[in-house]
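In this text, all values refer to a predicted model and were calculated from it rather than measured experimentally.
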Amino acid sequence: MLPENIDQQIAALERQELEAPNGVASLQLYTELFAAYLYKNELSQARFLWKRIPQNIKSGNAELERMFTVLQCLWSNKNVEFYRAITFEWSKPIAKVMGELKEKVQVETINLIGRAYSSIFENVFAEMTNHSPDAVTETCKSLNWEIIDGSFPRLIIPKKPAIEKIAYTSCEDQLQKLTDFVSFLEN
């Protein structure tokens, strides 16, 4: 399952679940669908899936239980616990998706820090993003964030990301374009 075509994968897996004999799908189908929902941040869908999975499939399956823990961490915005929960020996069909999910959460957290924080201590940044001290320095340099020299924990001054300017068109311009289009259609 590749994150590039995750929407098609979700649709196919949901269809397979509905068409499963006796209404019970395979363990692999449930884990792949669960991972896809987590990746797409469709947490409600993942919760409903958890409730639909038969108890005899859930019980004793360490991978499914760990995925549920990841869901709970995402649901309650507990980043530190999320990184602990997602560090796991995932089965081959979902390992890539779970790895991509971890990277996606890291990138989103870094972007959030850049937008929301005027300063942050490096130990807090490392904890929120699951970065090592060396990786913190490297990430800050790549983003052109300032790191104040001093003893640990140093202070990081994030730079706000550039805000994309929305192209503004006046109402008169839009009306003129619409008029031109309508006259084109009439001729």
Side-chain angles (χ1 to χ4, degrees), residues 1-117 120 124-132 135-136 138-139 142-143 158 160-164 166:
M1 182 174 356
L2 300 172
E4 298 86 40
N5 62 358
I6 200 99
D7 290 324
Q8 291 110 2
Q9 285 286 0
I10 288 174
L13 291 168
E14 288 174 338
R15 193 171 35 262
Q16 289 174 24
E17 181 189 9
L18 288 172
E19 295 169 355
N22 302 325
V24 178
S26 68
L27 173 63
Q28 181 177 348
L29 184 136
Y30 286 128
T31 56
E32 286 181 22
L33 186 56
F34 206 133
Y37 283 149
L38 292 175
Y39 180 80
K40 286 288 291 181
N41 202 30
E42 293 181 0
L43 303 183
S44 294
Q45 293 286 6
R47 269 190 114 111
F48 290 132
L49 176 63
W50 178 256
K51 291 179 184 278
R52 283 195 315 267
I53 298 173
Q55 189 60 40
N56 62 339
I57 293 178
K58 279 193 275 194
S59 61
N61 187 293
E63 189 170 59
L64 265 177
E65 290 174 1
R66 183 59 73 100
M67 290 174 84
F68 183 67
T69 304
V70 169
L71 167 65
Q72 290 174 316
C73 294
L74 288 171
W75 188 273
S76 56
N77 280 331
K78 295 181 178 177
N79 275 11
V80 177
E81 290 87 355
F82 165 78
Y83 291 116
R84 278 191 218 123
I86 203 158
T87 304
F88 185 76
E89 188 75 29
W90 301 106
S91 63
K92 189 171 180 160
I94 63 165
K96 181 175 174 134
V97 174
M98 296 307 278
E100 292 282 334
L101 172 62
K102 181 180 178 182
E103 289 177 28
K104 181 179 163 188
V105 169
Q106 283 178 326
V107 168
E108 288 172 353
T109 303
I110 291 169
N111 289 336
L112 177 65
I113 290 170
R115 289 189 316 273
Y117 285 73
I120 186 171
V124 177
F125 180 86
E127 195 173 270
M128 288 175 72
T129 59
N130 196 41
H131 277 69
S132 67
V136 168
E138 197 175 295
T139 300
S142 71
L143 295 169
K160 303 269 186 227
I163 299 171
E164 292 182 30
I166 300 170

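- Between H131 and E138 there is no side-chain heavy-atom pair separated by less than 4.5 Å.
- Side-chain N or O atoms of N61 include one that pairs as donor or acceptor with a backbone N or O of L64 at under 3.5 Å.
- In this structure the side chain of V97 never reaches within 4.5 angstrom of the side chain of W90, judged on heavy atoms.
- When side chains are defined from C-beta on, I86 does not count as touching N130, because their heavy atoms never get closer than 4.5 Å.
- Residues Y39 and I10 have side chains not in contact (no heavy-atom distance under 4.5 Å, counting atoms from C-beta outward).
- Closest approach of L13 to L29, counting heavy atoms only: O-CD1, 3.8 Å.
- The neighbour count for K160 NZ, taken as heavy atoms of other residues, nucleotides or ligands under 6.0 Å away, is above 12.
- Between F48 atom CZ and L43 atom CG the span is 11.5 Å, to the nearest 0.5 Å.
- Side-chain contact annotation: E63 with T31, donor-acceptor N/O pair under 3.5 Å absent.
- Heavy-atom contacts from other residues, nucleotides or ligands closer than 6.0 Å to CZ of F88 number more than 12.
- The only member of R47, E14, E42 that meets side-chain hydrogen bond (donor to acceptor under 3.5 Å, both in side chains) when paired with Y37 is E14.
- Using bins of under 30°, 30° to 60° and over 60° for the plane-to-plane angle, the ring pair W50/F34 lands in the perpendicular bin.
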Verdict with supporting geometry, Y30 and E17, side chain to side chain contact (heavy atoms under 4.5 Å, CB included): CA-CA 8 Å; Y30 286 128; E17 181 189 9; 3.6 Å; yes

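- For CD of E108, the number of neighbouring non-hydrogen atoms (other residues, nucleotides, ligands) closer than 6.0 Å is greater than 12.
- Of all heavy-atom pairs spanning M128 and T109, the tightest one is O-CG2, 3.5 Å.
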